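Here is the naming used below: chain letters follow the sequence lines, and residue numbers restart at 1 for every chain. In what follows, every heavy atom counts, from backbone to side chain, and hydrogens, waters and symmetry copies are set aside. Since this is a predicted model, take the numbers as computed values, not measurements.
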Amino acid sequence: VSGRVVVIGVGNPLRGDDGIGPAVVEALRGRVPDDTVLAVSDGEPARLLDLWRGADTVVVVDALLTSPARPGALHTLTPAEAAGRARGTPSTHGFGLGDCLALAEALGRLPQRLVVHAVEVADVELGTRLSEAVRSALPELTDRAAASVRQAYARDRGP
Amino acid sequence: MNDRGRRVLRLDSLGRVEGEAALHLRVRDRSVTETHLRIYEPPRFFEAFLIGRGHTEPPDITSRICGICPVAYQMSACQAIEKACGVTVDGPVSELRRLLYCGEWIESHALHIHLLHAPDFLGRADVVGLARDQRAAVERGLRIKQAGNAILEQLGGRPVHPVNVRVGGFYRVPAPAELRPLAERLRQAREDALETVRWVAAFDFPDAVCDHDLLALCDPGRYAVDSGTPAVMAARKQGRALREFPVSDFEEHVQEGQVPHSTARTATVDGRRFLTGPLARYAISGRWLHPVAAEAARNAGLGDPARGAVCDNPFRSIVVRAVEVVQAVEDALRIIDGYEPPPRPAVQVLPREAAGAGATEAPRGLLYHRYALAADGTLTEARIIPPTAQNQTAIEEDVRRAVQARLDRAGPDADEEELTLLCERAVRNHDPCISCAAHFLDLTMDRT
């Protein structure tokens, strides 16, 4: 029996490059086994925890803001690396993936396997367009996510 | 910190957006001379985005302004469009709307109380620290939130950005049997919500008084959520007098202004600083709380809402939110118990050349929309005034008072880390929309 595989694109398609996570999830349709769960999320932690409840493998795709930025540069992070991003916010609107991973760890709710594929982004102003650099990175980012899904299924089938 | 006596405190909350000052304080000679909170801008973008679109589109488009309160945007948008078109939505469809809205209140409040606000009172840096030694409380918060989420999923068609809402009502309404599992979850959520009221009521609250006018919808007979008339309760020093004005006059009373020579903005009602949100709702609608919620409020030390109790300590807003969760759960159960499906899921809303305004109570306060339509329904004007924009001036005043009180006690060498935390707490009391999905709170403090 194969374990549940969940892919989550985190981001807001109305904030420019922040829409890269949902864009990758769109691009994955038809490229991964039918029982793969494809989801998008704004990063709100309680919903993220719900999304991966019962999952064996979770693949998260997110935008990464860095300074100085190299827009388009790709990163593959462990949960610990992604959770290491700072936290603390006055608003229900400010939670992000890093907070969620740290919370999941504290609550013992991290899935067995979780990988974060991220791309450094250029522009998160309001607007629906991805920047050139991030758009160019979309195919490779999608490939990385698809490869993680393939690995999960291969692992479940066993040797 | 640099070496010219101008100290800069920076709080980079999530490492996602650099160099964005969200809160700026200027301190001179032991006095806070300026507080500037930079907040919520997305509505401006959406107003422009809406012009030229059809009159049925605002609920869907504006629900994307906010991932935390999409229902509020949908409901205010529907009301404004329906007003313009001369349509009234009532009966079971209106009740279902209120049920959906209760789901959003439960979700949003549970998130803010347990994951964001509670750590302030328990000496934890954040919810992760809280989860390590008060795991049951955090799990309870997540359970309550899930109950709200289940309402959104059932009625809204999905948990985020509900797709089942339309001008005039819904695309599809549930059969009573579909709502029954929700009732079971909500009965569990009621116990959890009451436990949360007891939990937060026992926190230590700093002494603080906010002396703002209070603005909330008033709908005599019920705790206003998706209905009612804007009402202003004057600040305590002004005698708490209550007055109302029609929502169609909202922009004459509530005005946003620009501070001269600055990018700062102010918001006033009839020229005075004001607050919208849980404290205002409790003051104006408290007497119509469900008996269970009212009793929880009394036991939590909020006074007797039946006799018009007012809570004016902004730090205690967490208790009011907890009471509002009980209220929303009870209200949701009442609606489900009495539910009979409407003959049609929506009222037909035909366009006409007119303008209409609508207001509902988003979790963090009154949310106002106004649209003008051409004869064929094309939108020619759109105006959205979210609660956080209205609260900006009041939040800045709360921050100023908190920091000033600290400086008065500790002198000019007050610890910066402590001041930063104090500022954050004063802001966090009001659960502001800082900016959806762009995550930051940078604090800069100029001291000369």
Side-chain angles (χ1 to χ4, degrees), chain A residues 10-19 21-22 39-51 53 62-69 82-109 118 121 123-128, chain B residues 11-19 22-23 40-42 44-46 49 64-69 107-108 110-112 115-116 125-132 135 138-139 141-142 145-146 149 159-161 363-364 388 424-425 427-441:
Chain A
V10 176
N12 183 347
L14 293 175
R15 299 290 303 230
D17 285 344
D18 200 33
V40 296
S41 161
D42 55 4
E44 191 271 290
R47 287 195 195 123
L48 278 174
L49 291 173
D50 282 348
L51 276 175
R53 186 186 293 267
D62 198 2
L64 200 61
L65 262 158
T66 50
S67 181
R85 318 224 125 235
R87 52 191 114 87
T89 167
S91 161
T92 40
H93 298 66
F95 253 98
L97 179 64
D99 307 77
C100 181
L101 291 170
L103 178 61
E105 196 273 328
L107 293 173
R109 289 215 210 167
V121 298
D123 181 4
V124 291
E125 292 304 307
L126 285 162
T128 53
Chain B
L11 195 109
D12 179 16
S13 63
L14 285 177
R16 293 196 63 166
V17 175
E18 297 283 342
L23 179 62
Y40 201 50
E41 301 298 346
R44 300 290 88 80
F45 165 81
F46 280 87
F49 197 66
R64 289 158 197 283
I65 294 178
C66 177
I68 302 292
C69 54
E107 272 206 83
S108 177
L111 186 63
H112 191 256
L115 271 59
L116 289 160
D126 56 33
V127 66
V128 178
L130 189 62
R132 290 192 207 287
R135 182 168 170 172
V138 175
E139 296 277 10
L142 291 171
K145 186 175 180 303
Q146 274 178 338
N149 200 37
V160 193
H161 299 137
R364 44 200 59 69
T388 297
E424 277 197 301
R425 292 189 66 177
V427 174
R428 197 142 41 216
N429 285 335
H430 301 291
D431 186 17
C433 311
I434 294 292
S435 183
C436 275
H439 306 138
F440 54 81
L441 175 67

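- Side-chain contact check for B/Leu142 versus A/Leu49: some heavy-atom pair is nearer than 4.5 Å.
- B/Arg135 contributes a side-chain N or O that, together with a main-chain N or O of A/Leu107, makes up a donor-acceptor pair within less than 3.5 Å.
- Using a 4.5 Å heavy-atom cutoff, the side chains of B/Leu115 and A/Leu103 are in contact.
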